[in-house]
Amino acid sequence: MRIVLTLLCLLLTSSAFAELPSGNQFTIQAALASGKPTLVDFGARSCIPCKKMAPILEQLEKEYKGRANVIFVDVWQDNKIGGNYRVQMIPTQIFFDDNGKESGRHIGFLDRQPIIDTFKKLGVK
């Protein structure tokens with residue numbers, strides 16, 4: 001019985017705190033070449049505002065699958081990638097249009113609705 005309860009607790013906690021896998025330069029380039037608007041969130045797994053954004057990003061990634069790209073990049077796992085995109089603070093969210101051109105950026109926690117609004121401005125339905 002104890003094993004069943006332990007497994008159930010692990011299952012519940014792991015799904016409640018699921019996070020997107022950390023992307024890299026290849027992931028970003030593939031998304032930018034996809035012809036779809038893209039959000040890249042540069043953060044770190046141990047950053048408090050980044051942790052608060054994790055479930056929002058995961059949900060949006062599922063909702064917008066096939067229409068827009070949502071990518072998380074842990075800049076502490078790959079410390080060069082932040083410099084490639086002029087990231088000075090985390091979290092930083094960079095939005096790219098369907099041509100792969102940067103169309104906006106935000107520094108700090110960003111809630112769900114502003115992301116949805118930005119995707120709408122970029123033509124995502």
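What's counted below: heavy atoms across the whole structure, side chains too, no hydrogens, waters or symmetry copies.
Here the straight-line distance linking atom CZ of Arg112 with atom CG of Asp117 works out to 10.5 Å at 0.5 Å rounding. Of the inter-residue distances, the one linking Gln77 atom CD with Arg45 atom CZ reads 6.5 Å to the nearest 0.5 angstrom. Rounding to the nearest 0.5 Å places CZ of Phe42 at 15.5 Å from CE of Met89. Thr118 contributes atom OG1, which lies 7.0 Å from atom CG of Leu110 (distance to the nearest 0.5 angstrom). Note that CG of Asp41 is 10.0 Å distant from CG of Asp74, once rounded to the nearest 0.5 Å. We find the NZ-NZ distance between Lys36 and Lys65 to be 9.0 Å, quoted to the nearest 0.5 Å.
Contact detail for Val70 and Glu61: the closest heavy-atom pair is O-CG, 3.7 Å. Nearest approach of Arg86 to Arg105, heavy atoms of both residues: O-NH1, 3.3 Å. Here the shortest heavy-atom pairing between Pro91 and Gln93 reads CB-NE2, 3.5 Å. Pairing each heavy atom of Ala31 with each of Ser34, the nearest pair is O-OG, 2.6 Å. Between Ser103 and Asp97, the closest heavy-atom pair is OG-N, 4.0 Å. Closest approach of Ile90 to Cys47, counting heavy atoms only: CD1-CB, 4.0 Å.
Linking ILVMFWY side-chain heavy atoms closer than 4.5 Å, directly or via other members, places Val75 and Ile71 in a single hydrophobic cluster. No continuous path of ILVMFWY side-chain contacts below 4.5 Å connects Leu60 to Val40, so the two sit in separate hydrophobic clusters. Follow the hydrophobic side-chain contacts under 4.5 Å out from Val87 and you never reach Leu20; the two are in separate clusters. There is a path of hydrophobic side-chain contacts, each under 4.5 Å, that joins Val73 to Ile94.
Under the 4.5 Å side-chain criterion, counting only non-hydrogen atoms from C-beta, Phe119 is in contact with Leu39. Between Asn69 and Leu32, the closest side-chain pair of non-hydrogen atoms is not below 4.5 Å. Looking only at side-chain heavy atoms (C-beta outward), Ile56 and Asp111 come within less than 4.5 Å of each other. Residues Ile28 and Asn84 are not in side-chain contact: their nearest non-hydrogen atoms beyond the backbone lie 4.5 Å or more apart.
In terms of modelled atom types and a separation under 3.5 Å, the side chain of Asn99 and the main chain of Lys101 share no donor-acceptor contact. Panel note: side chain Asn24, backbone Phe26; a donor-acceptor pair is recorded below 3.5 Å.
By the neighbour-count criterion of 12 heavy atoms within 6.0 Å, atom CD of Gln88 is sparsely surrounded, having that number or fewer from other residues, nucleotides or ligands.
Between Tyr85 and Phe96, the ring planes lie perpendicular to each other; the angle is over 60°, past the 30° to 60° tilted range.
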>> Pair Phe95, Ile115 - check side chain to side chain contact (heavy atoms under 4.5 Å, CB included), show working.
In response: CA-CA 9 Å; Phe95 291 89; Ile115 295 171; 4.2 Å; yes

